[in-house]
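By convention in this document, chain letters (A, B, ...) are assigned in the order of the sequence lines, proteins followed by strands, and residues within each chain are numbered from 1.
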2 protein chains.
Amino acid sequence: MVTIQEVAKRAGVSVATVSRVINNRSKVKEKTRNRVEQAIDELNYEPSVLGRNLRNSESRLLLVLIPSISNPFYTEIINGIEDTSIKEGYNILLCETDSNPKREAIYFNLVRNRMADGIILMDPTINRKNVLELATNHPIVQCSEFDKEGNISYVSIDNELAAYQAVKHLIKIGKKRIAFINSDEKFLYARERRAGYEKAFREFNIAVEKKRIYNINQLNFESGQQAMRTLLNQEEKPDAVFAVSDVLAIGALKEIHANGLKVPDDIAIIGFDKISFSNMTHPTLTTVSQPMYRMGCISASMLINKIKGEEVESMLLEHELVIREST
Amino acid sequence: MVTIQEVAKRAGVSVATVSRVINNRSKVKEKTRNRVEQAIDELNYEPSVLGRNLRNSESRLLLVLIPSISNPFYTEIINGIEDTSIKEGYNILLCETDSNPKREAIYFNLVRNRMADGIILMDPTINRKNVLELATNHPIVQCSEFDKEGNISYVSIDNELAAYQAVKHLIKIGKKRIAFINSDEKFLYARERRAGYEKAFREFNIAVEKKRIYNINQLNFESGQQAMRTLLNQEEKPDAVFAVSDVLAIGALKEIHANGLKVPDDIAIIGFDKISFSNMTHPTLTTVSQPMYRMGCISASMLINKIKGEEVESMLLEHELVIREST
DNA sequence: CCTCTATATGTAATCGATTACAATAAAATA
DNA sequence: TATTTTATTGTAATCGATTACATATAGAGG
């Protein structure tokens with residue numbers, strides 16, 4: 001590996017001057033600068049991030065923690081994070097945690113060790129103590145999922161309102177027996193959306209029936225199918241389904257078709273997230289769109305501001321009910 | 001941040017002794033070891049990866065470069081990489097390059113700088129010189145995409161054979177006017193699959209018509225729809241489509257339905273990759289399954305072996321034609 | 001031509017770990 | 001007890017950068 005010493009030697013200057021040329025903090029004579037730049041070119045020199053970080057405690061790397069990359073919901077958010085970070089001179093590293101506290105701890109340590117400057121957390125809060133402790137000493141922002149009590153900054157949407165509007169829409173088109181396919185309620189969004197679901201019921205004086213609520217623990221197509229299968233086996237079949245994710249809704253749709261039922265006439269469906277696939281199904285899926293790209297952008301710039309020592313404020317962004325063929 | 005000096009001071013020993021306790025390389029007296037461990041506990045000390053790496057040139061971090069995380073093809077591979085790496089004591093960091101040489105260069109530099117120990121490349125080879133140069137000094141393996149001429153180890157499948165078998169299957173069920181929706185031919189797999197497509201045609205004495213081949217440059221549903229729209233506007237409509245990716249095939253399927261045509265009777269479709277979604281469409285999609293998880297596992301252990309200085313050999317894994325309703 | 005600034009460059013300490021080598025203490029042997 | 005051997009521990013150099021401070025050089029003003 002080429003070091004700064006070798007460059008200095010070749011250019012006939014001291015290491016300090018080379019460093020000054022690289023970081024152009026203080027003035028260097030035009031002629032010297034040229035000599036140094038030539039030496040850098042000739043030797044193909046790249047400053048060692050390690051050496052630099054050790055001195056500066058700065059890596060210009062951001063960690064993005066997601067439970068699972070296979071959920072398309074995250075991809076747009078990540079695009080937003082990436083675009084913003086790069087513009088600000090930061091690079092991002094994606095870390096998949098599988099919601100596993102051990103994995104999470106490894107990545108937290110990268111920040112403690114100054115290998116990364118900050119974290120964007122999209123995990124549900126499992127080990128609150130750990131997160132809060134890290135947050136006292138290091139820049140963290142939460143995106144999508146967050147901790148209502150803690151004082152870690154976050155970007156998210158009003159999940160309760162979104163769910164309330166979705167269910168209200170189903171009621172308005174004449175549906176009464178509205179099933180709810182929800183995630184594990186360790187996720188804040190799952191608890192909030194359930195609250196919205198129940199709120200809509202209360203408003204129209206419909207009783208909430210426990211048997212119509214189905215919690216899954218993996219966000220994939222098969223879970224959606226499985227959930228729908230169970231719901232269809234009940235004596236009084238639902239006439240609508242609100243799924244907490246498009247992926248689940250699409251699985252449910254498949255199962256409804258497999259039973260020879262029609263969407264939306266027999267059963268209407270609403271999903272959540274507006275993943276690109278939700279427009280490819282037949283019929284196309286009514287869904288709640290979150291401003292995922294913007295959420296990504298905002299969380300990245302919040303984090304970078306925090307790293308710079310500025311105060312940042314949490315935000316709730318606007319969502320939108322996208323009505324398509326499935327309702 | 002707690003440093004090794006503070007631990008040493010509290011335990012009343014030298015930093016060398018603390019380091020020895022942490023890495024237990026040489027013997028430390030039981031009593032001293034206990035004192036040091038107690039101090040580590042009390043201060044909540046975590047060794048700085050930076051300091052350690054600077055000395056050892058080892059980070060136990062692997063970089064995984066992918067063109068785009070939104071392509072579900074990569075998710076299973078990544079799961080394989082992740083599981084294997086963790087078992088071997090390495091952590092992985094995902095880097096999205098958008099096939100952009102500048103982004104790639106940034107991540108290559110992390111390896112040159114010893115911030116990461118090696119790279120698994122899933123990008124197409126754009127800047128060959130750069131990759132080959134990096135490979136001379138640093139551990140790299142290629143996964144899925146690779147460079148036939150270079151001597152970088154790789155794991156992949158026989159794309160030509162797979163495409164040949166897929167097209168042969170279409171011919172055997174009586175299709176004659178088989179369209180081909182292909183990626184940009186900067187990708188090796190695109191060139192190889194085209195070769196397979198043409199080979200099948202030659203074998204059955206069918207002329208390859210240029211107008212039936214459509215190259216897209218973005219792997220998303222819309223590209224598939226767009227491609228199919230163009231193909232359906234031709235005077236002699238195709239009676240089958242071979243798409244180089246399930247995502248494209250699903251877009252094409254949507255467009256075929258929009259035109260009131262039936263699958264597979266009017267037009268049969270074959271995709272590639274067997275993404276989980278390919279089983280959710282109506283009709284379900286015939287596709288070529290690649291052993292993605294295994295590819296991930298193997299590429300990770302190849303890389304780790306390379307880091308350890310061992311010789312590794314490239315591999316081509318088995319694929320499988322999965323016949324479902326769309327053909 | 002000399003003095004005084006302003007500018008440009010060099011020297012050496014520093015970041016937090018590891019480790020070769022030196023030094024000390026403890027144990028074994030004569 | 002004196003001497004040798006062995007087991008522990010300490011000292012200080014090192015990795016590759018940055019930067020406060022010291023020094024040298026150039027330019028301005030008289």
Side-chain angles (χ1 to χ4, degrees), chain A residues 1-40 43-61 109-117 137-138, chain B residues 1-40 43-61 109-117 137-138:
Chain A
M1 192 166 59
V2 184
T3 71
I4 200 172
Q5 339 279 341
E6 304 172 52
V7 176
K9 199 167 157 193
R10 182 174 197 111
V13 297
S14 72
V15 290
T17 304
V18 177
S19 176
R20 279 189 272 257
V21 170
I22 297 166
N23 303 292
N24 55 313
R25 287 207 203 298
S26 70
K27 294 247 158 81
V28 177
K29 232 196 196 165
E30 188 63 23
K31 234 170 83 186
T32 333
R33 153 166 275 116
N34 289 337
R35 271 220 315 286
V36 172
E37 276 167 352
Q38 201 189 334
I40 289 177
L43 295 174
N44 227 320
Y45 166 72
E46 293 281 350
S48 154
V49 183
L50 287 177
R52 173 176 293 166
N53 293 1
L54 185 55
R55 190 59 218 254
N56 293 352
S57 299
E58 185 195 54
S59 62
R60 299 235 136 212
L61 241 37
N109 278 340
L110 289 183
V111 176
R112 291 209 183 87
N113 287 328
R114 315 275 176 177
M115 283 273 293
D117 293 347
N137 302 309
H138 300 278
Chain B
M1 193 167 58
V2 184
T3 71
I4 199 172
Q5 339 279 343
E6 304 172 51
V7 176
K9 200 166 156 192
R10 184 176 197 107
V13 297
S14 73
V15 290
T17 305
V18 177
S19 176
R20 280 188 271 258
V21 170
I22 297 167
N23 303 292
N24 54 313
R25 286 207 202 297
S26 69
K27 293 245 159 84
V28 177
K29 230 193 194 167
E30 188 62 23
K31 234 169 84 186
T32 334
R33 151 165 275 116
N34 289 337
R35 271 219 315 286
V36 172
E37 274 167 351
Q38 199 189 335
I40 290 176
L43 295 173
N44 227 319
Y45 166 73
E46 294 278 352
S48 155
V49 182
L50 286 178
R52 173 176 294 167
N53 291 0
L54 185 57
R55 193 58 219 251
N56 291 352
S57 300
E58 187 196 52
S59 63
R60 299 235 135 209
L61 239 38
N109 279 340
L110 290 183
V111 176
R112 291 210 183 87
N113 288 329
R114 316 275 175 177
M115 283 274 292
D117 293 347
N137 301 310
H138 301 278

Counting side-chain heavy atoms from CB outward, which of [options] is closest to [X]?
X	options	answer
K29(B)	dT14(C), dG16(C), dT9(D)	dT9(D)
S48(B)	dA17(C), dG16(D), dT19(D)	dA17(C)
K27(A)	dA8(C), dT9(C), dA17(D)	dA8(C)
V28(A)	dG16(C), dT9(C), dG10(D)	dT9(C)
N23(A)	dT18(D), dA17(D), dG10(C)	dT18(D)
I4(A)	dT11(D), dT9(D), dT18(D)	dT18(D)
R20(A)	dT14(C), dT8(D), dA20(D)	dA20(D)
Q5(B)	dA17(D), dA17(C), dT9(C)	dA17(C)

Are any of the side-chain heavy atoms of R52(B) and I22(B) separated by less than 4.5 Å?
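Yes, close enough: below the 4.5 Å cut-off.
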Less than 4.5 Å apart, side chain to side chain, heavy atoms only: is that true for N34(B) and E37(B)?
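Result yes, sub-4.5 Å side-chain heavy-atom pair found.
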Which pair of non-hydrogen atoms, one from V36(A) and one from A11(A), has the smallest distance, and what is that distance?
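Answer, listing the atom of V36(A) first, then A11(A): CA-CB, 3.9 Å.
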Any [X] side-chain N or O less than 4.0 Å from OP1/OP2 of [N]:
X	N	answer
S14(A)	dG10(C)	yes
T17(A)	dG10(C)	yes
R55(A)	dT14(C)	no
T32(A)	dT9(C)	yes

Nearest nucleotide by nearest heavy atom, which residue falls closer to the 5' end of DNA chain D, I22(A) or G12(B)?
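Looking at DNA chain D, the more 5' nearest nucleotide goes with G12(B).
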